[in-house]
Amino acid sequence: MKNKAQVVIIGGGVIGCAIAYELAKRKVKDIVLLEKNSLASGATGRCGAGVRQQWGTEMNLKLSIGSVKRFEILQEELEYPYDLEFEQTGYFMPAYTEKQVEQFKINIALQRQFGLDVQWVQPDEARSIVPIINTHGLLAATFHQKDGHLNPFHVNFAYARAAQRLGVDIHCHTKVLGISTEKDSIKKVSTDKGDIACEIVVNAAGGWSQSIGEMVGINIPTYSERHQILITEPYEPLFKPMVMSFYHNFYTQQEPNGAIIMGIGDPNEMKGYNMEHSLAFAKKCSSLVTRVLPPLKNARMIRQWSGLYNMSPDKTPIIGEASTLNGFYMACGFSGHGFMIAPMTSVLIAQMITKEELDIPEVKTKLDLDRFERGELFIEPSVV
Amino acid sequence: MKDNPEKIIVCRCADVTLKEIEDLLNQGIVDMDDIKRLSRAGMGQCQGKTCRNLIMGMVAGKMNITVDKVKESRYRPPAVAIPLDLLTEENFNEE
Ligand SMILES: Cc1cc2nc3c(=O)[nH]c(=O)nc-3n(C[C@H](O)[C@H](O)[C@H](O)COP(=O)(O)OP(=O)(O)OC[C@H]3O[C@@H](n4cnc5c(N)ncnc54)[C@H](O)[C@@H]3O)c2cc1C
């Protein structure tokens, strides 16, 4: 391992690997990426890998629309030999309360301003989009065909390999143990395999981002929360879009190989690093999903697992440089939707580090860490 | 075509061929988790009951170590497929 670098990136998930690539693409030399386990072993390799552009704020619309533009050309740009399996089969978002209907109306108006062709769906039209849906209680829904999903393993590896080709050193099974600072600058990163002198560190440690903050004495108010997910055997095509119900708090989707994945948010989940799976989840999830999509009762679960959401107090990521420590960049707190905005997040962090003009300049003042201290929480109406 | 690695299936659930696994090994990918994530071998209906041992043998061969030195990927529940209907709260029975 090198003992000196220009930039050290902590975390080999999609965020860290994408940042490594975007920096190398901008001709930054001597980049080292450190991953304590293996690539995609964190949330990225455990996630639903859904990509949605139906958001309720300008910021999230810009992040997600920009990211989809990148996803569309990524395989070619990264010269990756495998298919990234980008399928734009849409997100279908049902509303079950008047309040949700009102909110979706506001969202769709904004989304259309941003050029998204989002459809307003009446209950009697729902089955033309999701043939197996039970429309009981359904008041309306929104559907956007250009939302979709990708293979998260391949996206993670595609960025990593392209970064390596451009000279980035990636060290797996290498854990960051500490970071030394002097006044307001970084001096070195210490790992279980040795030290690396450097002045720029990127915290892309996902569910462990808060512990990286502790290493430099910066209080990052993120915390981790287990989210469970299960998958069934593969079946003939039953429904194409991701079905995401804020009311029931579930999402489900049939993958290209026919398997159906589904997950729920559990309001009783405790903060922490638990990554076990529970029968209680499998029961709750099956009950909720089969109520809305009854034919899935016959589907058989073959696998369940869990991963960590890195939550921020306003469920919106922290993207930016610390105001109290030069060269300490954070890309964390993705609160369950970091995969879909990884392409733009990585571009923005790379632009910040290379002092380029930002594609979304307001990120600097709206998604910075200090917003919590200023009491300026970022309010996104469209989060689970 | 005898012993054509493109025709020999290692993982029957995900249709992964011997050639695909060999290609990964030749790229230096020898971590069982990485192989699983990149090929999907072991993530299908049978959850690796056949391919896990075959691939561990290939990794051991590539690294010149014995199979017991290869770190296995994680076993995931359930051991056999369960219909979602049996799990729903109306039908779930603790017995
Ligand atoms: C069940 C589930 C479903 C999800 N579904 C979706 C979805 O549909 N769409 C979507 O956009 N997002 C989804 N997400 C969220 C998404 O997975 C994450 O936001 C995203 O993957 C975050 O990427 P990351 O690189 O920041 O984190 P990770 O992939 O967790 O990577 C962080 C890495 O840092 C490493 N690390 C931590 N500490 C250290 C250290 N001290 N030294 C070295 N390495 C370290 C970890 O080992 C890890 O590999 C889901 C998440 C879960 C759990």
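Chain A is the first sequence line, chain B the second, and so forth, proteins listed ahead of strands; every chain is numbered from 1. No experiment lies behind these values; they were computed from the predicted model shown.
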Acceptor/donor pairs from residues 234-242 of chain A side chains to any protein atom, 3.5 angstrom cut, sequence neighbours excluded:
| from | atom 1 | to | atom 2 | distance (Å) |
| --- | --- | --- | --- | --- |
| A/Y235 | OH | A/E233 | OE1 | 3.3 |
| A/Y235 | OH | A/R300 | N | 2.7 |

Check A/R165 with A/E77, please: is the shortest side-chain N to carboxylate O separation under 4.0 Å? no
Looking only at A/C285, A/G45, A/S41, most heavy-atom pairs under 4.5 Å shared with chain B are made by A/S41
So, the part of B/Q45 with a heavy atom under 4.5 Å from chain A: the answer is both
Interface check, chain B: of A/R161, A/M262, A/K284, most non-hydrogen pairs under 4.5 Å belong to A/R161
If you tally heavy-atom pairs under 4.5 Å between each of A/I302, A/L288, A/N298 and chain B, the highest tally belongs to A/I302
So, the part of A/N37 with a heavy atom under 4.5 Å from chain B: the answer is neither
Practice task
Tell me, please, whether A/W208 has A/K175 positioned over its six-membered ring: NZ or CZ under 6.0 Å from the ring centre and within 45 degrees of its axis?
Solution key: no
Result for side chain to side chain contact (heavy atoms under 4.5 Å, CB included) between A/Q304 and one of A/I229, A/I231, A/L230 points to A/L230
The interface call for B/Q27 against chain A, heavy-atom contacts under 4.5 Å, is side chain
List, one per line, each side-chain donor-acceptor pair under 3.5 Å for residues 54-69 of chain B, sequence neighbours excluded.
| from | atom 1 | to | atom 2 | distance (Å) |
| --- | --- | --- | --- | --- |
| B/K62 | NZ | B/N26 | OD1 | 2.9 |
| B/T66 | OG1 | B/D68 | OD1 | 2.7 |

